[in-house]
Chemist: 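Let me begin by handing over the structure; questions about it come next.
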Amino acid sequence: MLLVPYIRNNKKAIIAGLKIKNFKQIEILDDIISVDDKRREIQKKLDDTLAESKAIAKEIGGLFKSGNIDEANNKKAQTTELKELSKNLSEELNIIQTQLTELLLKVPNVPHSSVASGNSDEDNEIIKNVGEIPELPDNAMPHWELTDKYDIIDFQLGNKITGAGFPVYKGKGARLQRALINFFLDNAAEAGFREVQPPLMVNEDSGYGTGQLPDKDGQMYYVGEDKLYLIPTAEVPITNIYRNSIVNSKDFPIRNTAYSQCFRREAGSYGKDVRGLNRLHQFDKVEIVVIEHPNKSYDRLEEMSNYVQTLLVKLELPYRVLRLCGGDLSFTSALTYDMEVYSAAQKRWLEVSSVSNFESFQANRLKLRFKDENGKTTLAHTLNGSALALPRIVAALLENNQTNKGIRIPKALIPYTGFEYID
RNA sequence: GGAGAAUUGGCAGAGUGGUCGAAUGCGGCGGUCUUGAAAACCGUUGAGGGUCACACCUCCGGGGGUUCGAAUCCCUCAUUCUCCGCCA
């Protein structure tokens, strides 16, 4: 959510930015300003009315004390009109404030100046390409066949127990999952992230805080009985640690990491995108979240992007880094790098991480602030990224490392798996 | 799940209808003293709206109500604690 004063002062720049994001309804900006004008006007009237009735109430208090009962009762009559007025005004104010919030929620974040315009993922800029794409023999299998062959991930069994998109990991498959989680967490700790184990369910306020609500509520599993949402990513609980708080700028950058299961309904997905491990309803991910001073958030974004890449290098996976174009950038993000890993048997790139700077867009919703150099309360910047999401890493590992002897485990991971091959 | 008690500023803790946005202590920040530090002393110290700046308004767990007037009374929800029940 953008700040109204920011919209007032930077309308032109915002319009230019939103154009890159293909946001068409720029007239909303003017609506916001005029609704906010109205809000101020009503607020002023209300304040004045309240001030007047407060003053009278004080007078009455004094009159009662000095025994002037008659005059006090006289004064009471005066307030009935003011009371009516302030009641109407505060109702009006409520309506207008709701209106204002609704409008503000419709405006996406303004992209960073480095973001190019574009309509879809096809227009994303490839800014880096690392590693050799492996040459697989003709009889190479896609991962959903390999998982069967080695009996490590059972999609059918998941269907039986729960439904599509909830696989069962077995034997070395389960062990590989655990190895990857520990590998990612250990690396994050070494890179200065504090490990956190958050709840896997969050309340409505938290959903709003990070922006899953109100728009994407259909993407989350919801437990109506208790009004709780299953988290689609650990970003939600981790970032909400800092909701409604004023952090100490001395603590910047605040780095947290968490492993969690993630739950996504993925309504509307289909076809090859959802085959095997490509898209699941429940999956494992280690997330990194950073809260930083606005002046330094882009340095941190580069740092996070580099960190994620070190993981891919250690896992010996060929990858590329994309800078998302305006059209593919998420609603809340100002700049996002996607890391994609090459899945050699599927012959396609799979997104395994998305590292974003939200600037103050999330912080405004969260009311996450700090005291700046002048003692002014200012919104902090939030960033997050996957480091990493497991299923597609597993898919690429299985496909790229298939040999006659079985699936070869990358060296860095062997201390965690305790085996060198899945066979 | 049942019964009872509680929820006040960063923390502790007063305040049960009338200048209470809120005593006091601790902590934080600034200063005096000191070669420096500690101690002591002095000052300062919640958030939001609004204003050029004031004024002014809102907020004492959330929401609603009573009253001329509420942190203080009522309703409701949430959370915490104690006891009972159930249970990993």
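Source: prediction; values computed, not measured. Atom set for the values below is all heavy atoms of this structure, side chains included, hydrogens, waters and symmetry mates excluded. Residue numbers start from 1 in every chain, and the chains themselves are labelled A, B, ... in the order their sequence lines are given, proteins ahead of strands.
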Chemist: Heavy atoms from C-beta onward define the side chain here; which of B:U58, B:C68, B:G50 lies closest to that of A:T79?
Modeler: B:C68

Chemist: State the pairing partner of B:A5; accept Watson-Crick or G-U wobble contacts with both distances under 3.5 Å, and report none otherwise.
Modeler: B:U80

Chemist: At under 4.0 Å between heavy atoms, what does A:T377 touch on the DNA or RNA strands: base, sugar-phosphate, or nothing?
Modeler: sugar-phosphate

Chemist: Distance between the C1' atoms of B:A5 and B:G61, in whole angstroms?
Modeler: 16 Å

Chemist: Quick one: look up who B:A23 pairs with, Watson-Crick or G-U, both distances under 3.5 Å, and put none if it's unpaired.
Modeler: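 Pairing partner: none.
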
Chemist: Once you round it to whole Å, what is the distance between P of B:A47 and CG of A:L368?
Modeler: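 Spelled out: CG on A:L368 to P on B:A47 is 15 Å.
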
Chemist: Which heavy atom of A:G276 sits nearest a heavy atom of A:L280, and at what distance?
Modeler: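 Heavy-atom minimum between the residues: O-CD2, 3.5 Å.
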
Chemist: How do A:R40 and A:G61 order along RNA chain B: which one's closest nucleotide is nearer the 5' end?
Modeler: A:G61

Chemist: To the side chain of A:I60, which of B:C68, B:G46, B:U51 is closest?
Modeler: B:C68

Chemist: Once you apply the 3.5 Å cut-off to both distances, tell me the Watson-Crick or G-U wobble partner of B:G85, or none.
Modeler: none

Chemist: Using the side-chain heavy atoms of A:K76, tell me which of these nucleotides is nearest: B:C68, B:C57, B:A47.
Modeler: B:C68

Chemist: Starting at NZ of A:K58 and ending at C1' of B:U19, how long is that distance when rounded to a whole Å?
Modeler: 4 Å

Chemist: Please state how far atom CG in A:N244 lies from atom P in B:G10, giving the value in whole angstrom units.
Modeler: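 Distance, rounded to whole Å: 12 Å.
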
Chemist: How far does the P atom of B:C56 sit from the matching atom of B:G21, given to the nearest Å?
Modeler: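 It works out to 12 Å between them.
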
Chemist: Has the side chain of A:D372 got a donor or acceptor atom that lies under 3.5 Å from a matching backbone atom of A:K376?
Modeler: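 Yes; at least one donor-acceptor contact below 3.5 Å.
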
Chemist: Is A:K367 touching bases, backbone alone, or none of the nucleic acid, heavy atoms closer than 4.0 Å?
Modeler: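 Counting heavy atoms under 4.0 Å across all strands, no contact is made by A:K367.
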
Chemist: Considering all heavy atoms of both residues, which atom of A:E204 and which atom of A:Y229 are nearest to each other, and what is their separation?
Modeler: CA-CE1, 4.2 Å

Chemist: Rounded to the nearest Å, what distance is computed from the CG atom of residue A:D47 to the P atom of nucleotide B:G48?
Modeler: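 From A:D47 CG to B:G48 P: 16 Å.
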
Chemist: Give A:L82 one of three labels, base, sugar-phosphate or nothing, depending on what nucleic acid heavy atoms sit under 4.0 Å from its own.
Modeler: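 It contacts nothing in the nucleic acid.
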
Chemist: Does some side-chain heavy atom of A:L2 sit less than 4.5 Å from a side-chain heavy atom of A:N364?
Modeler: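 No, too far: nothing below the 4.5 Å cut-off.
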
Chemist: Which base sits across from B:C60 as a Watson-Crick or G-U pair, both distances under 3.5 Å?
Modeler: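 Across any shown strand, B:C60 pairs with none.
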
Chemist: Write down the distance separating the C1' atoms in B:A78 and B:C87, rounded off to the nearest Å.
Modeler: 24 Å

Chemist: A:R39 has a side chain; which of B:G49, B:A47, B:C57 sits nearest to it?
Modeler: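 The closest nucleotide is B:G49.
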
Chemist: Measure the distance from CG on A:L93 to C1' on B:G50 and round it to the nearest whole Å.
Modeler: 12 Å

Chemist: I'd like the P distance from B:C60 over to B:A22, given in whole Å.
Modeler: 13 Å

Chemist: Could you tell me how far apart A:E91 (CD) and B:G64 (P) are, to the nearest whole angstrom?
Modeler: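 These atoms are roughly 11 Å apart.
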
Chemist: Does the side chain of A:K371 get closer than 4.0 angstrom to OP1 or OP2 of B:C29 through an N or O atom?
Modeler: no

Chemist: Taking the side chain from A:E399 and the backbone from A:Q346, do they hold a donor-acceptor pair closer than 3.5 Å?
Modeler: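 Flag set: sc A:E399 to bb A:Q346 pair under 3.5 Å.
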
Chemist: Go ahead and name the base partner of B:G18; Watson-Crick or wobble counts if both distances stay under 3.5 Å, otherwise write none.
Modeler: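 In the structure as shown, B:G18 has B:C68 as its Watson-Crick or wobble partner.
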
Chemist: Considering every strand shown, what is the Watson-Crick or G-U wobble mate of B:U34 when both distances are under 3.5 Å?
Modeler: none

Chemist: With heavy atoms under 4.0 Å as the rule, sort A:I56 into base, sugar-phosphate or nothing.
Modeler: nothing

Chemist: Taking atom C1' of B:G48 as reference, at what distance in whole Å does atom CD1 of A:I246 sit?
Modeler: 10 Å

Chemist: Using atom P of each nucleotide, how far apart are B:U66 and B:C74 to the nearest Å?
Modeler: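 Pairwise P distance, B:U66 against B:C74, rounds to 15 Å.
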
Chemist: Please check if any side-chain donor atom of A:Y169 sits under 3.5 Å from a side-chain acceptor atom of A:D284, or the reverse.
Modeler: no

Chemist: Without decimals, in angstroms, what is the distance between A:N94 CG and B:G49 C1'?
Modeler: 14 Å

Chemist: A:K54 side chain: which of B:U58, B:G69, B:A47 is closest?
Modeler: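 Looking only at side-chain atoms, A:K54 lies closest to B:U58.
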
Chemist: So, OP1 or OP2 of B:G49: does either fall under 4.0 Å of a side-chain N or O from A:K44?
Modeler: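 False: A:K44 side-chain N/O out of range (4.0 Å or more) of B:G49 OP1/OP2.
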
Chemist: Check for a donor-acceptor pair, side chain of A:Q219 on one end and backbone N or O of A:E266 on the other, with a separation under 3.5 Å.
Modeler: yes

Chemist: What nucleotide, of B:C29, B:U67, B:G50, holds the atom closest to the side chain of A:K83?
Modeler: B:U67

Chemist: Suppose you measure atom P in B:A71 against the same atom in B:G65; what distance do you get, rounded to whole Å?
Modeler: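 One P to the other, the span is 15 Å.
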
Chemist: B:U80 and B:C73: how far apart are their C1' atoms, nearest whole angstrom?
Modeler: 24 Å

Chemist: Can you see whether A:Y150 has A:K172 sitting over its ring - NZ or CZ less than 6.0 Å from the centre and within 45° of the normal?
Modeler: no

Chemist: Just compare B:G48, B:C56, B:U58 and give me whichever is closest to any side-chain atom of A:R369.
Modeler: B:G48

Chemist: Does B:U44 have a Watson-Crick or wobble partner in any strand here, with both distances under 3.5 angstrom, and which is it?
Modeler: B:G28

